[in-house]
Amino acid sequence: MLFFLLSCFSFIILSKFSLFKTLPNWNNLKMGIFSFQSFFKHMLKTNMIKQENGNFSSKTEEALLEKDNLSLLDLPDLPLECILEKLSPSGLASMSGVCRSFRVMCTQDHLWVKHLNQKWGKFLMGGSMLEEWNKYIDVKKKQSLKDNCNGKGYFGLFTWWKKNGKLNESSVFLPVDSIMSWYLSLESGKFSFPAQVYNRENGNVGFLLSCYDAKVSYDSHTDSFKARYASQGRPTIEENIKWERLRSPAVDTSPYDLHVSDCLTDLQPGDYFEVQWRKSKEFPYGWWFGVAGHLESCDGNKLYCHCHHSDSVILEFRQYNLGSRWREVVIDRRDHRETGNEANGFYAGIRKLYDDKEIATWKSL
């Protein structure tokens, strides 16, 4: 019964400090604990807490009253776990620096998986980020992670979250392969991961309705990303990229390799697609958005259209004006690999778009 009352009152008192809505600072949390302690003592003194068949013994009451340093750690496991699950990522990171016991509890993977999926889930699809993270872990494991004042190791990951306070630097290290480490490495910008950027170079007209591979890192101060594009010679860097201009790589193919097209037999006029294109053989491919068009011999009437029976397929790019050399290109449906020249560029692998949400994203750019 006592444990039940403890659990209920701790939730009531802590909720007054918006623990379940917004993250309080540690001072507010201590005020909540102090209020709970005082209120509980008052109830004991006024004999309001009773068992079903009588009052607590005076010995039990005196023992509880003598417990002046009541804290969250005195709560049963279940309500304490519920409280930790309600904390934000920054709250968990802060709580993990309070003491050794909280560090063990607040760094558990199951508490961080939800936060990782909520914020970074769009980049976890396809497995490219996970693969890059495993490479990152292998490199880090070869280094000596030290918990000291030079900012390396566990504390170095979230000192940017703790500018106004000192963490309790007890000798417990955060495993580099933990979910918390992954989350904090993303948030701090220490971990760069592969992604694709729509309309690179701030919407340069030369890249309109395209999507290029890059290594991106997050800037928590501006809630935006920095991208480093793979290219010949000096790498290109772009900053202040918003979330909506990023996506996880659509396929596992390297930007330097030809994507094997498996949709050409199904491609009909009006179908949307992405096609690999590059300026020259030395450059990586980007993905360009287009729509399958009608052959010159077809008037576009759906009742009499036989374009889908032809071996030739028209790839149309409506972002370019009629008459532009990039407006359309003809490919062979039966044996398409890479076609083009140094003047107009090279067209390679094609993927048909079936997802309405994916098509809507392209149209909104």
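Throughout, numbering of the chain's residues begins at 1 and tracks the sequence.
The local environment of CD in Glu296 is sparse, with at most 12 non-hydrogen atoms from other residues, nucleotides or ligands closer than 6.0 Å. Under a cut-off of 6.0 angstrom, the local environment of CG in Asp77 is sparse, with at most 12 non-hydrogen atoms contributed by other residues, nucleotides or ligands. With a 6.0 Å radius and a threshold of 12 heavy atoms from other residues, nucleotides or ligands, Asn321 has its CG atom at or below the threshold. More than 12 heavy atoms of other residues, nucleotides or ligands sit less than 6.0 Å from atom NZ of Lys352. Heavy atoms from other residues, nucleotides or ligands lying under 6.0 Å from CZ of Arg325 number more than 12.
Gln268 contributes atom CD, which lies 10.5 Å from atom NZ of Lys302 (distance to the nearest 0.5 angstrom). Taken from NE2 in His115 to CG in Leu111, the straight-line distance is 7.0 Å, to the nearest 0.5 Å. Annotation: the span from Glu274 atom CD to Leu209 atom CG amounts to 10.5 Å, rounded to 0.5 Å. Glu244 contributes atom CD, which lies 9.0 Å from atom OG of Ser364 (distance to the nearest 0.5 angstrom). How far OG of Ser210 is from CG of Asn199: 5.5 Å, rounded to the nearest 0.5 Å. Summarising the geometry, atom SG belonging to Cys305 is positioned 7.5 Å from atom CG belonging to Leu295; distances are rounded to the nearest 0.5 Å.
Taking both residues in full, the closest heavy atoms of Cys211 and Gln196 are given as SG-CB, 3.4 Å, listed atom of the first, atom of the second, then distance. Scanning all heavy atoms of the two residues, the minimum distance from Trp277 to Asn344 falls at NE1-O, 3.2 Å. The nearest pair of heavy atoms linking Glu342 to Ser280 is OE1-CB, 3.3 Å. Across Met95 and Cys106, no two heavy atoms sit closer than the pair CB-SG, 3.6 Å. Of all non-hydrogen atoms in Leu267 and Ala292, the two that sit nearest each other are CG-CB, 4.2 Å. Annotation for Trp112 and Ile179: closest pair CB-CG2, 3.6 Å, computed over non-hydrogen atoms.
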Salt bridge (charged side-chain N to carboxylate O under 4.0 Å, His left out), that's the test. Do Glu316 and Arg327 meet it? Break it down for me.
CA-CA 6 Å; Glu316 190 175 352; Arg327 172 73 182 198; 3.0 Å; yes
Please report the C-alpha distance between Glu358 and Arg351 in whole Å, then the side-chain angles of each, then the deciding distance to 0.1 Å, and finally whether the salt bridge (charged side-chain N to carboxylate O under 4.0 Å, His left out) criterion is met.
CA-CA 12 Å; Glu358 192 173 12; Arg351 57 181 296 262; 3.0 Å; yes
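Remark: the backbone N or O of Arg103 is paired with a side-chain donor or acceptor of Thr107 at under 3.5 angstrom. Side chain of Asp223 to main chain of Ser220: no donor-acceptor pair is present (N/O by atom type, distance under 3.5 Å, no hydrogens or angles). At least one donor-acceptor pair under 3.5 Å links the side chain of Arg278 to the backbone N or O of Lys281. Checked by atom type and distance alone, the side chain of Gln276 pairs as donor or acceptor with a backbone atom of Gly349 at under 3.5 Å. Here the side chain of Ser181 pairs no donor or acceptor atom with the backbone of Asp177 at under 3.5 angstrom. Judged purely by atom type and a 3.5 angstrom limit, Ser261 has no side-chain atom pairing as donor or acceptor with the backbone of Leu264. Between the side chain of Lys242 and the backbone N or O of Phe225, no donor-acceptor pair lies under 3.5 Å. One N or O on the side chain of Ser178 and one on the backbone of Pro175 form a donor-acceptor pair closer than 3.5 Å. A distance-only check finds a donor-acceptor pair linking the side chain of Ser248 to the backbone of Met125 [under 3.5 Å]. Lys114 contributes a side-chain N or O that, together with a main-chain N or O of Glu85, makes up a donor-acceptor pair within less than 3.5 Å.
Taking the six-membered ring for Trp and the full ring otherwise, Trp120 and Trp243 have centroids separated by under 6.0 Å.
When hydrophobic clusters are built by joining Ile, Leu, Val, Met, Phe, Trp and Tyr residues whose side-chain heavy atoms come closer than 4.5 Å, directly or via intermediates, Val275 is not grouped with Trp362. When the side chains of ILVMFWY residues are joined at heavy-atom separations under 4.5 Å, either directly or via intervening members, Leu365 and Val197 end up in two distinct hydrophobic clusters.
Residues forming a ring pair (Phe, Tyr, Trp, His ring centres under 6.0 Å) with His259 (at least two apart in sequence, or on another chain): Trp287.
Here salt bridge (charged side-chain N to carboxylate O under 4.0 Å, His left out) pairs that include residues 194-214, with residues two or more places apart or in two chains, number zero. The stretch residues 253-269 participates, sequence neighbours left out, in no salt bridge (charged side-chain N to carboxylate O under 4.0 Å, His left out) pair at all.
Side-chain contact between Arg333 and Ser312: absent, with no pair of heavy atoms (C-beta onward) separated by less than 4.5 Å. Side-chain contact between Trp182 and Leu130 is present, with heavy atoms from C-beta onward closer than 4.5 Å.
For the residue pair Trp326/Gln319, the side-chain donor-acceptor check at 3.5 Å is not satisfied. Using modelled atom types, one finds a donor on one side chain and an acceptor on the other under 3.5 Å when comparing Glu338 with Tyr285. If you check the side chains of Lys119 and Tyr183, you find no donor sitting under 3.5 Å from an acceptor. Between the side chains of Arg245 and Tyr198, no donor-acceptor pair is found at a separation under 3.5 Å.
Because its NZ or CZ atom is not both nearer than 6.0 Å to the ring centre of Phe193 and within 45° of the ring axis, Lys215 does not count as a cation-pi partner of that residue.
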